[in-house]
Protein chains: 2
Amino acid sequence: MKGIHQLAKHLDISIGTVSRALNGRPDVNAETRRRVLEAAEQLGYVANQSGRSLRKGSTNVIGLMIESGKDNVDNSDNFFFGVIGGLQTVFARHNLDLAILPCPSEEDPLEYLQRMVARRLVDAMIISATQKIDKRIDLLIEKRVPFVALGRSHSGGSHTWIDLDFAGVANSAVDRLISKGHRRIAIAAPTTDINLGFVFVDAYRAALERHGLTYDPALVLRARSSEDGGYSVGGDLLALAPRPTAIILIYELMAIGLYRRLMEAGVKPGCDIAVIGFREAPRARFLQPALTCYRLSLQDLGTELAETLLSSMPDYAEIYSSHACNRLWPLDLVPGESDAFELAP
Amino acid sequence: MKGIHQLAKHLDISIGTVSRALNGRPDVNAETRRRVLEAAEQLGYVANQSGRSLRKGSTNVIGLMIESGKDNVDNSDNFFFGVIGGLQTVFARHNLDLAILPCPSEEDPLEYLQRMVARRLVDAMIISATQKIDKRIDLLIEKRVPFVALGRSHSGGSHTWIDLDFAGVANSAVDRLISKGHRRIAIAAPTTDINLGFVFVDAYRAALERHGLTYDPALVLRARSSEDGGYSVGGDLLALAPRPTAIILIYELMAIGLYRRLMEAGVKPGCDIAVIGFREAPRARFLQPALTCYRLSLQDLGTELAETLLSSMPDYAEIYSSHACNRLWPLDLVPGESDAFELAP
DNA sequence: CTGAAAGCGCTTACAG
DNA sequence: CTGAAAGCGCTTACAG
């Protein structure tokens, strides 16, 4: 005999009462509850999750799906570790546990998600790195699994998401560079169909046109979202004639490779070319001259993601109703020296 | 009605037969099996994990515990993402899924692990960042949960582990530096009780003494395992009088901060001081002069970890019996320019 | 306030 | 080869 039966036997009461005491039901004698709690603590009893889940229909586990083979995860300077802290702060309030579910690179992300959802391993999902068309969203809606997407998508009609304000950053960066006299501004963009790439480039184009400049597709430099990608962007940049006087990057780590490539060619960021990075990353903080970039609190983003997710789960919807809306997450300019010069007119 | 009952009704057969067909039992008519598989595919049926786990007593999920707030995770240049790929390659063969379980920084790691284990969320665990005394190991042994530790520990008597060969690296680095004429060699070590710190420093000491040099505790520079840590090591190094002519680092990212601090002081790695880094990290590859460091395949390490773990699980022990042993994982020297000079005698 | 019992969705001896 | 039934460990109406 084991589990709750063993505990009940040890206390010489019924398993029903043990369960009620453990779950904090009000209709339990205070002394009985105390005895149960004490014995559970002493014997190290914790309810078997399978039995509990089967009966209750919920697991108290929230899944965070990541695609471990992808550039955006491998190269994002522990973006996820930061966000996780925020998520857990909120989940801890409700005894929800977070499980990170890494989709193997050989497996189709949609099939992987389908499997996780069908097995009912988790009560709700957080997905990220949304594509322009992202069938995962349709799947989660169809299966009625509460979820929040970190990133927008054209899929799924209305659903819950939070996205970094890529358009805001593109806008701000273009404005800033133009105010310093730049007219030929390149941009680094991802090679994949990740939605943020479209948002970023579209906003860049709109910002240019707002200033009366013509959008030139040749200035959109595609690369992997890594230092290597930044290095290759550097090469492409140097090969353009006439050479752009400024570049805006989309991933934090690109800056490191770009600096390296430029240095090799004797082109100095902040003197010979203006560079604006994307997110302020621990690793990029060491660049010299200091990189102009944008800051956000990963902890706060995680908190907001969690609260938005809970607002879409029946059991918590009421508590978090004020978070039941989509959000563009702002990033704040961190001026550096990498674009700190005016271009002669 | 839902789940397997619905599927059985749809096919007008019993749930027992459906279950047997789905689980690949031999005693099912081929045509029946075909119909069941087809219907399951079409209706998107996947067995509810809770029902399955409750009945079978196993979940088909392997947990990887990480401590998300810790230096060694946040700053290890996506060490884990690399290992995960290898783990999944092996687990995929047996339809095992990997769930990463991040211990919240506010929670005691031992209590967290205890909770995860007691809930029976996973069939087996992988733990990492083992401490010299690590009660998690005693807990897993006591609860008879199959596990493998990435890192050794004094706890738990005999248990399954794989550890990077920190001693081998310390040895090799000391030998290499001494052969180039260095006599005053500093070492960077962690501030925490993580076991690898003890192993590394002990081996460094033994190597020095083997060469007839005296171990000097003042040359052991404690720091966080990050770029910041490397920067602070740089400061400590410059403050030593007489200044050491060489330094050996224990974490990959320290090199970046160290280089920066040395450059600020006009001290050039590879000319004025010899630097040997630890693991070859994507990010450190960009350092100039190129860092002398050590290489390992994270994918292979992940594969071996998984196979070792499976060798300790009753259902798989036989298949992986050849992996049922502890291992020191070798690292290969990648000579760079950061120590490429001989010291005048 | 407590106990006895039903039932969550599965898998697997057992009988036929 | 298939079906009927037991039972995995819980939670929760229901009765008292």
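Per chain, numbering begins at 1; letters A, B, ... match sequence-line order.
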- Is it true that A/Arg136 and A/Asp134 have a side-chain N and a carboxylate O under 4.0 angstrom from each other?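 Result for this pair is yes, salt bridge flagged.
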- Task: Answer yes when B/Glu31 and B/Arg34 have at least one side-chain N-carboxylate O distance shorter than 4.0 Å, and no when they do not.
- Result: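 Result for this pair is yes, salt bridge flagged.
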- Closest heavy-atom pair and its distance - B/Gln131, B/Ile194: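 Looks like OE1-N, 3.6 Å.
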- Message: If I compare all heavy atoms of B/Leu11 with all of B/Ala39, which pair ends up nearest, and what's the gap?
- Response: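 Minimum heavy-atom contact is CD2-CB, 3.9 Å.
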- Sorted by number, the residues of residues 113-124 of chain B with heavy-atom contact under 4.0 Å to DNA chain C: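 Hits under 4.0 Å, by residue number: none.
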- Message: Let's see if you get this right: which residues in residues 47-56 of chain A place a heavy atom under 4.0 Å from DNA chain C?
- Response: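 Within residues 47-56 of chain A, the residues near DNA chain C are A/Leu54, A/Arg55.
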- Which is true for B/Gly57 with a 4.0 Å heavy-atom rule: it touches a base, it touches only sugar-phosphate, or it touches nothing?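 It contacts nothing in the nucleic acid.
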- Task: Determine the contact category for A/Ile15: base if any of its heavy atoms lies under 4.0 Å from a base atom, sugar-phosphate if only primed atoms, P, OP1 or OP2 are that close, otherwise nothing.
- Result: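 Base contact - A/Ile15 has a heavy atom under 4.0 Å of at least one base atom.
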- Query: For B/Asp27, does the CG atom have more than 12 heavy-atom neighbours from other residues, nucleotides or ligands under 6.0 Å away?
  - Reply: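 Above 12, so yes.
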Have [X] and [Y] got a donor and an acceptor in their side chains that come within less than 3.5 Å?
X: B/Gln88; Y: A/Ser105; result: no
X: A/Asn95; Y: B/Arg115; result: no
X: B/Asn29; Y: B/Arg35; result: no

- Output every pair passing ring-ring contact (aromatic ring centres under 6.0 Å, His included) with a member in residues 93-113 of chain A, not counting sequence neighbours, ordered by first then second residue.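 Every ring-ring contact (aromatic ring centres under 6.0 Å, His included) pair that includes a residue of residues 93-113 of chain A, provided the two are not neighbours, is A/His94-A/Tyr316, A/His94-A/Tyr320.
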- Knowing that exactly one of B/Thr308, B/Ile162, B/Ile62 qualifies, which makes a side chain to side chain contact (heavy atoms under 4.5 Å, CB included) with B/Ile126?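 That would be B/Ile62.
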Side-chain donor-acceptor distances from residues 138-148 of chain B under 3.5 Å, at least two apart:
unit_1, atom_1, unit_2, atom_2, d
B/Asp138, OD1, B/Gly156, N, 3.2

- Query: Run the side chain to side chain contact (heavy atoms under 4.5 Å, CB included) check on A/Trp161 and A/Ile137 step by step: do they pass?
  - Reply: CA-CA 10 Å; A/Trp161 54 260; A/Ile137 293 172; over 6 Å; no
Atom-pair distance ([atom1] on [X]; [atom2] on [N]), nearest Å:
X: B/Lys9; N: D/dG3; atom1: NZ; atom2: C1'; value: 16 Å
X: A/Gln6; N: D/dC8; atom1: CD; atom2: C1'; value: 16 Å
X: B/Ile4; N: D/dA5; atom1: CD1; atom2: C1'; value: 14 Å
X: A/Ile13; N: C/dG3; atom1: CD1; atom2: P; value: 6 Å
X: A/Leu7; N: D/dT11; atom1: CG; atom2: C1'; value: 15 Å
X: A/Leu22; N: D/dT11; atom1: CG; atom2: C1'; value: 11 Å

- Query: Are A/Asn195 and A/His154 close enough, and set up right, to give a side chain to side chain contact (heavy atoms under 4.5 Å, CB included), and what steps lead you there?
  - Reply: CA-CA 8 Å; A/Asn195 194 62; A/His154 288 193; 4.2 Å; yes
Report yes if at least one side-chain N or O of [X] is closer than 4.0 Å to OP1 or OP2 of [N]; otherwise report no.
X: A/Ser19; N: D/dT11; value: yes
X: B/Ser14; N: D/dT2; value: no
X: B/Tyr45; N: C/dC10; value: yes

- Task: Please step through side chain to side chain contact (heavy atoms under 4.5 Å, CB included) for the pair B/Lys9 and B/Gln6, ending with a clear verdict.
- Result: CA-CA 5 Å; B/Lys9 175 123 194 220; B/Gln6 186 181 16; 5.7 Å; no
- Item | Close approaches to DNA chain D from residues 25-40 of chain A, in residue order (heavy atom, under 4.0 Å) |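 By residue number: A/Arg25.
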- Note on the structure: The dot-bracket string of DNA chain C, counting Watson-Crick and G-U wobble pairs with both distances under 3.5 Å, using [ ] for crossing pairs and | for pairs to another strand, is |||.||||||||.|||
